[in-house]
Amino acid sequence: QKIGALLRSALAADSLQLYFQPQIDLHDGSIRSCEALLRCFDNNALPVPPDIFIPVAEKSGLINRIGDWVIEAACKQLVAWKGTELEKLRIDINLSGKQLTNQHLADQILQTLHRYDLLPSQLGVELTENEVIGGDLEQIGQLETLKNAGVHISIDDFGTGYSSLVYLRRLPVCSLKIDRSFLHHAMENDSDMAIMQAIISVGHSFGLSVVVEGVETAEQDDLVKALSCDLAQGYLYARPMPAEAMPAYLLGVT
Ligand code: G
Ligand code: G
Ligand code: MN
Ligand code: NA
């Protein structure tokens with residue numbers, strides 16, 4: 001209830017914020033995309049973790065308004081980056097499965113992009129495996145609409161859900177993001193290592209790019225390169241940061 005009220009007042013005051021975490025291309029070190037991560041601050045300006053407020057938002061139905069806010073905020077950020085060194089950066093937002101039950105979501109996203117004079121390829125969406133699999137044909141049709149228009153579609157936390165490989169083949173998807181728990185344990189656990197290798201190999205054979213999450217150490221960076229992952233995200237390269245910090249980060253990298 002307290003968190004519900006906090007979210008409502010944050011929406012009213014427009015005080016939610018997007019943080020951005022760069023994705024590193026492991027082939028050439030370039031950065032062409034970043035994940036947008038929502039931040040909500042309490043009355044003492046302390047961050048409330050999304051793992052806490054997203055489930056509250058989903059239960060209370062606020063997720064639709066919050067989701068709309070995120071779509072708008074990502075588009076505004078892309079506009080703000082126009083004409084700067086960040087203008088080629090794609091922003092990937094997280095979608096909650098609940099949002100896909102809105103039959104107009106895909107059209108709404110495409111219209112918002114159009115209204116801001118942006119290309120669909122400047123935006124990506126991430127959904128977890130179960131949110132995509134659990135969806136009916138209508139919902140998968142919406143993802144298809146987005147993908148056909150050029151929006152990048154990623155399956156988030158891949159490996160933790162229940163998708164069969166046959167199913168994966170039919171889904172409108174561009175990338176798989178391997179859940180960070182696998183990399184975390186891969187160093188000491190052979191079966192986690194085997195799962196990572198399997199995901200990468202399946203992803204590649206379906207023509208998908210494979211993103212590994214949670215790279216924190218140089219050893220893990222070596223490993224994911226050796227396993228021929230395509231992209232990586234993690235604290236080793238950059239923590240999620242406010243938009244203001246992005247230009248300096250990219251300047252330091254390139
Ligand atoms: O940094 P991190 O603590 O931001 O994110 C924790 C979880 O919250 C992740 O699983 C992420 O997918 C989810 N999350 C972050 N931002 C958003 C958002 O804008 N919408 C939704 N639905 N989930 C988000
Ligand atoms: O579920 P999703 O992939 O959307 O969640 C992204 C979450 O992972 C965010 O909470 C983000 O802050 C977190 N994250 C990003 N990089 C790392 C990392 O290297 N280590 C850990 N532990 N968390 C990370
Ligand atoms: Mn994500
Ligand atoms: Na994830």
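For ligands, and for the atoms within them, numbers begin at 1 and follow the listed sequence.
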**Prompt:** Based purely on interatomic distance, does N94 place a nitrogen or oxygen under 3.5 Å from a nitrogen or oxygen of ligand 1?
**Reply:**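 Among all N and O atoms of N94, at least one is under 3.5 Å from an N or O of ligand 1.
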Worksheet item: Should we say atom CG of D14 is surrounded by more than 12 heavy atoms from elsewhere, each under 6.0 Å from it?
Response: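 Correct, the count exceeds 12.
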### Message
Please determine whether the number of non-hydrogen atoms from other residues, nucleotides or ligands lying under 6.0 Å from atom CG of D28 exceeds 12.
### Response
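Check passes, neighbour count above 12.
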Notebook entry, point to check: Is Q233 in contact with ligand 2, taking contact as a heavy-atom separation below 4.0 Å?
Noted result: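 Contact absent.
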- Report yes or no: does E35 have a heavy atom closer than 4.0 Å to ligand 2?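 Per 4.0 Å heavy-atom rule, E35 contacts ligand 2.
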**Prompt:** Mind checking whether L38 and N94 have side chains closer than 4.5 Å, heavy atoms only?
**Reply:**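 L38 does not reach N94 side chain to side chain.
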Working for side-chain contact (heavy atoms from CB on, under 4.5 Å), residues V173 and F158:
CA-CA 12 Å; V173 166; F158 193 80; over 6 Å; no
Under a 4.0 Å heavy-atom limit, does V70 contact ligand 1 with its side chain, its backbone, both, or neither?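 Side chain only.
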Per-residue contact class, R39 against ligand 1 - non-hydrogen pairs under 4.0 Å |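 Side chain only.
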**Prompt:** Are any of the heavy atoms in I93 under 4.0 Å away from ligand 1?
**Reply:**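 No, I93 has no heavy atoms under 4.0 Å from ligand 1.
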Nearest atoms (heavy-atom pairs only) where F182 meets G159: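 Scanning both residues completely, I find the closest heavy atoms to be CZ-O, 3.4 Å.
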Item to complete: Check each heavy atom of D157 against ligand 2 and say whether those closer than 4.0 Å belong to the side chain, the backbone, both or neither.
Response: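 Looking at D157 and ligand 2, just side chain atoms fall under 4.0 Å.
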Quick check on salt bridge (Lys or Arg N to Asp or Glu O under 4.0 Å): which of R32, R90, K225 does D25 satisfy it with?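 Result: among R32, R90, K225, R32 is the only option passing the salt bridge (Lys or Arg N to Asp or Glu O under 4.0 Å) with D25.
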Does [X] bring an N, O or S atom to under 2.8 Å of the Mn ion (ligand 3)?
| X | result |
| --- | --- |
| E126 | yes |
| D156 | yes |
| N94 | yes |
| E35 | yes |

